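Report on the following structure.
Here the structure is a predicted model, which means the values were calculated and not measured. Position 1 is the first residue of the sequence, and the numbers go up from there.
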Amino acid sequence: MYETSLRLLQKISSFGYKAYIIGGYPRDLYLKRSSSDVDICTDATPMELHKIFSEIVWSSSEYGSVTVIFENIKFEITTFRREFNYKDNRHPEKIEYVDTLEKDIVRRDFTINTLAIDKDGNRIDLLNAQKDLDRKVIKMVGDPKIKLKEDALRILRAIRFATVLNFEIEPVLKRYIKKYGHYLRKISNDVKKNELDIIFSNSNKAYGIKLILDLKLAAHLDIPELKNIKITPSMIVTWAQLNAIHKYNFNSIEKESILKINEVKDKDILDRNVLYRYGLYTCTMAAELKGIDKKKLNEQFAKMPIRSKLDIALTPIEICEILEKEAGPYLKPIIADLESKILDEKISNTKNDIENYIKENYLK
């Protein structure tokens, strides 16, 4: 990835433009963290980039961004710019292209994200990013009072970076995050959820959650229950404790998981019928909340004679043949009965035993 990125810079440079790797990739490279997301900044405009690259998959002159495919890798390339008149505490109403990295870099959020790499692999550090990385501190580029009002999402981004990198937030920035936390209410829940997902899925989530609480942001994020949750490894279990299903947009899988976790959390998940009904995944998530050993749960699941309807030794068609009937709604309660009897080991899951049971109880 690194060598490919340098070749991309060299290609842009061969047309007479300046170009740099910027942001997360140089930061993670300096910290010796793995990273695969490479952002490029350049003085070439989107129109000029169209002339350089044949494979452009997305372009926005509004924000000066172009996404290209280079050597089968997707890169986002952004033209050096200044931003003016932020609306809705999130988006600039106007941008203006500029001609140097020095002018572009001051619009960025935190100093740790201003480290750049040129086409020859040289590190460019205009705002003491390396110093702040060494100090393990999240510091705002420019005045936090202005920057947080411009884009309130920077509040959550500061917490996200602090969580993921295990960094401190610089005291002045911390003070203004607490002061301007209410601006988070103006940010779309979809955008906020993306940041919270990263925080809640990180192994250092306890620190991120503590920051949210210490900075009095839980109410502004519509998750006041955060102060009472149990810290667990899984992101979805964190969300399940926050009563947020009607406040944030979850995909269908997430929503179903949250509903099932909350439904099963007060049940005996080691009971075979519960484990069978809700499945191993949901019960494993609930085990995090209940403090039940997942190994014990897996052992119980392994001992179950059936784990789904498909495991029943007789198929629905074979049941119809025994009863000499066409398939119909009558099958559903019969199969439910078989599931219960097999799970409780009142009948064994063999064709012969199931056939005898059906003849004795359902053949009239």
Side-chain angles (χ1 to χ4, degrees), residues 1-2 5 20-41 76 78 101 104-117 121 123-144 147-148 150-178 180-181 184 187 191-218 220-221 223 226 229 231-235 238-239:
M1 174 65 84
Y2 179 65
S5 301
Y20 305 90
I21 305 171
I22 190 75
Y25 190 86
R27 178 198 68 222
D28 289 343
L29 197 64
Y30 183 81
L31 293 173
K32 295 180 173 57
R33 292 169 53 90
S34 62
S35 180
S36 58
D37 187 16
V38 178
D39 292 325
I40 307 295
C41 63
E76 184 173 329
T78 304
L101 178 64
D104 173 84
I105 215 163
V106 294
R107 71 176 175 82
R108 298 180 180 273
D109 51 12
F110 309 112
T111 56
I112 62 168
N113 294 329
T114 63
L115 204 57
I117 297 172
R123 199 179 288 139
I124 312 294
D125 187 1
L126 301 174
L127 297 179
N128 294 316
Q130 293 170 102
K131 179 182 177 182
D132 289 335
L133 287 167
D134 291 338
R135 292 169 56 216
K136 298 186 176 182
V137 64
I138 309 296
K139 181 180 178 183
M140 185 68 75
V141 175
D143 186 347
K147 284 296 190 77
L148 296 182
E150 287 178 343
D151 183 355
L153 189 63
R154 289 167 176 158
I155 293 170
L156 272 185
R157 282 173 59 82
I159 294 170
R160 188 241 291 182
F161 287 123
T163 302
V164 172
L165 301 174
N166 199 29
F167 280 18
E168 294 288 327
I169 298 177
E170 186 261 342
V172 175
L173 175 55
K174 225 175 186 179
R175 185 167 74 248
Y176 280 106
I177 285 176
K178 186 180 287 190
Y180 294 128
L184 283 170
I187 305 298
V191 174
K192 288 186 288 194
K193 182 177 178 295
N194 289 338
E195 297 294 328
L196 288 170
D197 279 349
I198 297 171
I199 295 167
F200 291 163
S201 61
N202 192 266
S203 59
N204 198 30
K205 69 165 67 177
Y207 175 50
I209 289 171
K210 184 177 186 302
L211 283 173
I212 292 172
L213 294 173
D214 288 349
L215 295 169
K216 312 296 183 186
L217 301 177
H220 301 313
L221 292 166
I223 47 173
L226 191 67
I229 71 164
I231 303 297
T232 68
S234 303
M235 176 191 77
T238 301
W239 277 118

Quiz item: Yes or no on side chain to side chain contact (heavy atoms under 4.5 Å, CB included) for Ile187 and Leu156, after CA distance, side-chain angles and deciding distance?
Solution: CA-CA 11 Å; Ile187 305 298; Leu156 272 185; over 6 Å; no
Exercise. Starting from the C-alpha separation in whole Å, work towards a yes-or-no answer on side chain to side chain contact (heavy atoms under 4.5 Å, CB included) for Val141 and Ile105.
Key: CA-CA 9 Å; Val141 175; Ile105 215 163; over 6 Å; no
Quiz item: Taking it one step at a time, do Arg123 and Tyr30 satisfy side chain to side chain contact (heavy atoms under 4.5 Å, CB included)?
Solution: CA-CA 9 Å; Arg123 199 179 288 139; Tyr30 183 81; 3.7 Å; yes
Quiz item: Would Glu195 and Arg157 satisfy side chain to side chain contact (heavy atoms under 4.5 Å, CB included), going step by step from the backbone distance to the final call?
Solution: CA-CA 7 Å; Glu195 297 294 328; Arg157 282 173 59 82; 3.8 Å; yes
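Closest approach of Phe167 and Val137 over heavy atoms only: CD2-N, 3.6 Å. The shortest heavy-atom contact between Ile199 and Gly208 is CG2-CA, 4.1 Å.
Taken from CG in Asp143 to CD in Glu150, the straight-line distance is 9.5 Å, to the nearest 0.5 Å. Taking CG from Asp151 and CG from Asp109, the interatomic distance works out to 8.5 Å, rounded to the nearest 0.5 Å. The structure places NZ of Lys193 at 10.0 Å from CZ of Phe200, a figure rounded to the nearest 0.5 Å. Rounding to the nearest 0.5 Å places NZ of Lys178 at 11.5 Å from CD1 of Ile169. The CZ atom of Arg154 sits 13.0 Å away from the CZ atom of Arg160 when rounded to the nearest 0.5 Å. Separating the CG atom in Leu133 from the CG atom in Asp28 is a distance of 9.0 Å, to the nearest 0.5 Å.
With hydrogens and angles disregarded, a donor-acceptor distance shorter than 3.5 Å links the side chain of Lys205 to the backbone of Thr232. Judged purely by atom type and a 3.5 angstrom limit, Asp125 uses its side chain to pair as donor or acceptor with the backbone of Gln130. In this structure a side-chain-to-backbone donor-acceptor pair under 3.5 Å is missing from Thr114 to Phe110.
Counting heavy atoms from C-beta on, the side chains of Ile40 and Thr78 never come closer than 4.5 Å. Val172 is not listed as a side-chain neighbour of Met140, based on a closest heavy-atom distance of 4.5 Å or more. Counting heavy atoms from C-beta on, the side chains of Ile229 and Ile231 come closer than 4.5 Å. Counting heavy atoms from C-beta on, the side chains of Arg27 and Leu165 come closer than 4.5 Å.
Ring planes of Tyr25 and Tyr2: parallel class, angle under 30° (limits at 30 and 60°).
Side chains of Thr163 and Asn202: no donor on one and acceptor on the other come within 3.5 Å.
Between Asp134 and Lys131 no salt bridge is recorded (no basic side-chain N to carboxylate O distance below 4.0 Å).
Taking a 6.0 Å sphere around NZ of Lys147, one finds it holds more than 12 heavy atoms contributed by other residues, nucleotides or ligands.
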